[in-house]
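Below: one structure, written as structure tokens.
Here is how names work: the chains are called A, B, and so on, in the same order as the sequence lines, proteins then strands, and each is numbered from 1.
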Amino acid sequence: MDDPGRMMGGGLMPPQPYGMTPQGEAPPGNENEPRKQDIGEILQQIMNITDQSLDEAQARKHTLNCHRMKPALFSVLCEIKEKTVLSLRNTQEEEPPDPQLMRLDNMLIAEGVAGPEKGGGAGAAASGSAAAQAGQPDNAIEHSDYRAKLAQIRQIYHQELEKYEQACNEFTTHVMNLLREQSRTRPITPKEIERMVQIIHKKFSSIQMQLKQSTCEAVMILRSRFLDARRKRRNFSKQASEILNEYFYSHLSNPYPSEEAKEELARKCGITVSQIASWFANKRIRYKRNVGQSQEEANLYAAKKAARSAAYNSAPSPITSMDSLGYYD
DNA sequence: ATTTATGATTTGCA
DNA sequence: TGCAAATCATAAAT
């Protein structure tokens, strides 16, 4: 008999399935190659995106977004980010209020530039009341001039500030849109967007600080120009000159007002006692220099005084005290 | 642009 | 310290 076993044995030889690989380790090299290539390509496209025209870029973006590898790329980026974000964690610094900026802000408010719009400024009001004992057209004129200039500065300041504010907002929304759009392609947390916004604001606020700086400078210059006595001399008001001249020509024989008289004149003219003294010193020396020419003026004021005396005699005015010194001559 | 008027400062005197 | 005189600096007029 035959040997079925043999047959069996031979027959049992497992058939070699050609071309049939055990599943699993099949084409790792085979498919990895094109994937790498894809990513490189995609990255290249991303890099090039800024060089392209808008329409083109739009189209490319679209194809990128629809690319079958996009989710993979996204997750890779996520992974990378996961690793690096830890190192970025602590870059979250508290925003310390800049002392310099606060100084500028305080000053602008104090000067009435940054504060309430039509308040007129506390400083101006204070100095105004300090000098408001007697009606003083002189100071009032100077003050209104000062106020006008200050208002001008304030207007420009607010104008510029608003401009910056607007530009900042515009830029911020622009960047936010950009980031939001990019967040479809790469992972961006809201925190990051917030941080970016903060950075932008910081940049713009530094520009604003420059504005505040120069505004402060302008205010300082304005102050020194108007409020410093010596810098820019201002003539006394017509009224003050009248009063002084009347006194001078009424006391031509002895044009040396006493301390009390000086105070009275200072009060009436709205200037200081030392200014009165200075005025009389100048007047005396300049009168003496050319008595002839001053004679006309002397007559003028003598006539005025006479007229005033007559007016007083018929209807006494509420003005009192030292004024009566002008009566005799 | 130049001159004059005028308020402020400086100097020296008593 | 208060003043005269000279001088400075700027506003106002020419």
Side-chain angles (χ1 to χ4, degrees), chain A residues 111 120-121 123-124 126-154 156 214-308 319 321-329:
Chain A
E111 294 298 331
S127 52
S129 70
Q133 302 169 17
Q136 351 183 308
D138 182 30
N139 257 9
I141 286 168
E142 189 166 325
H143 241 266
S144 73
D145 211 351
Y146 174 77
R147 285 256 212 97
K149 286 262 173 25
L150 193 65
Q152 207 176 322
I153 289 177
R154 184 172 55 210
I156 291 170
S214 47
T215 304
C216 274
E217 272 170 36
V219 171
M220 294 302 274
I221 289 168
L222 185 68
R223 275 184 78 96
S224 67
R225 265 181 134 219
F226 273 82
L227 270 35
D228 282 8
R230 176 108 123 100
R231 259 312 204 221
K232 234 174 180 154
R233 182 177 63 75
R234 275 199 74 77
N235 287 358
F236 298 150
S237 70
K238 193 88 178 172
Q239 198 180 344
S241 298
E242 286 281 304
I243 292 169
L244 292 168
N245 274 311
E246 272 174 33
Y247 187 98
F248 181 79
Y249 288 110
S250 299
H251 302 73
L252 249 190
S253 53
N254 184 34
Y256 297 88
S258 67
E259 195 56 38
E260 274 188 328
K262 279 190 221 168
E263 280 168 21
E264 175 72 9
L265 285 168
R267 190 186 63 72
K268 285 208 286 184
C269 296
I271 58 182
T272 68
V273 172
S274 65
Q275 279 177 308
I276 297 288
S278 181
W279 188 91
F280 273 89
N282 281 321
K283 190 71 187 177
R284 281 188 299 260
I285 192 93
R286 283 162 186 167
Y287 175 83
K288 204 166 73 175
R289 210 135 51 204
N290 43 11
V291 190
Q293 286 174 35
S294 299
Q295 202 55 48
E296 212 175 302
E297 198 179 25
N299 290 338
L300 183 91
Y301 278 101
K304 273 192 184 181
K305 186 198 60 185
R308 221 157 60 97
I319 299 174
S321 71
M322 289 302 176
D323 203 35
S324 55
L325 282 180
Y327 261 153
Y328 77 97
D329 58 1

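- Counting any heavy atom pair closer than 4.0 Å across all strands shown, A:Arg286 reaches a base atom.
- The two residues A:Pro255 and A:Phe280 come nearest to each other via the heavy atoms O-CD2, 3.8 Å.
- Across the protein-nucleic acid pair, A:Ile285 atom CD1 and B:dG7 atom C1' stand 15 Å apart, rounded to whole Å.
- A:Glu259 has its CD atom 12 Å from the P atom of C:dT1, to the nearest Å.
- Between the CG atom of A:Asn282 and the P atom of B:dA5 there is a distance of 14 Å, given to the nearest Å.
- The nearest whole Å value for the distance from the OH atom in A:Tyr256 to the P atom in C:dG2 is 14 Å.
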Q: Verify side chain to side chain contact (heavy atoms under 4.5 Å, CB included) between A:Thr215 and A:Ile156, making sure each step is shown before the conclusion.
A: CA-CA 9 Å; A:Thr215 304; A:Ile156 291 170; over 6 Å; no

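- Within the 4.5 Å cutoff, no side-chain heavy atoms of A:Arg267 are placed close to those of A:Glu263.
- Distance A:Arg233 CZ to C:dA13 P: 12 Å, rounded to the nearest Å.
- Looking at heavy-atom distances under 4.0 Å, A:Lys262 makes contact with sugar-phosphate atoms alone, never a base.
- The distance from atom CZ of A:Arg284 to atom P of C:dG2 is 12 Å, rounded to the nearest whole Å.
- The nearest whole Å value for the distance from the NZ atom in A:Lys238 to the C1' atom in C:dA11 is 14 Å.
- Considering all non-hydrogen atoms of both residues, A:Leu244 and A:Cys269 come closest at CG-SG, 4.0 Å.
- The distance between atom CD of A:Gln275 and atom P of B:dG7, rounded to the nearest whole Å, is 9 Å.
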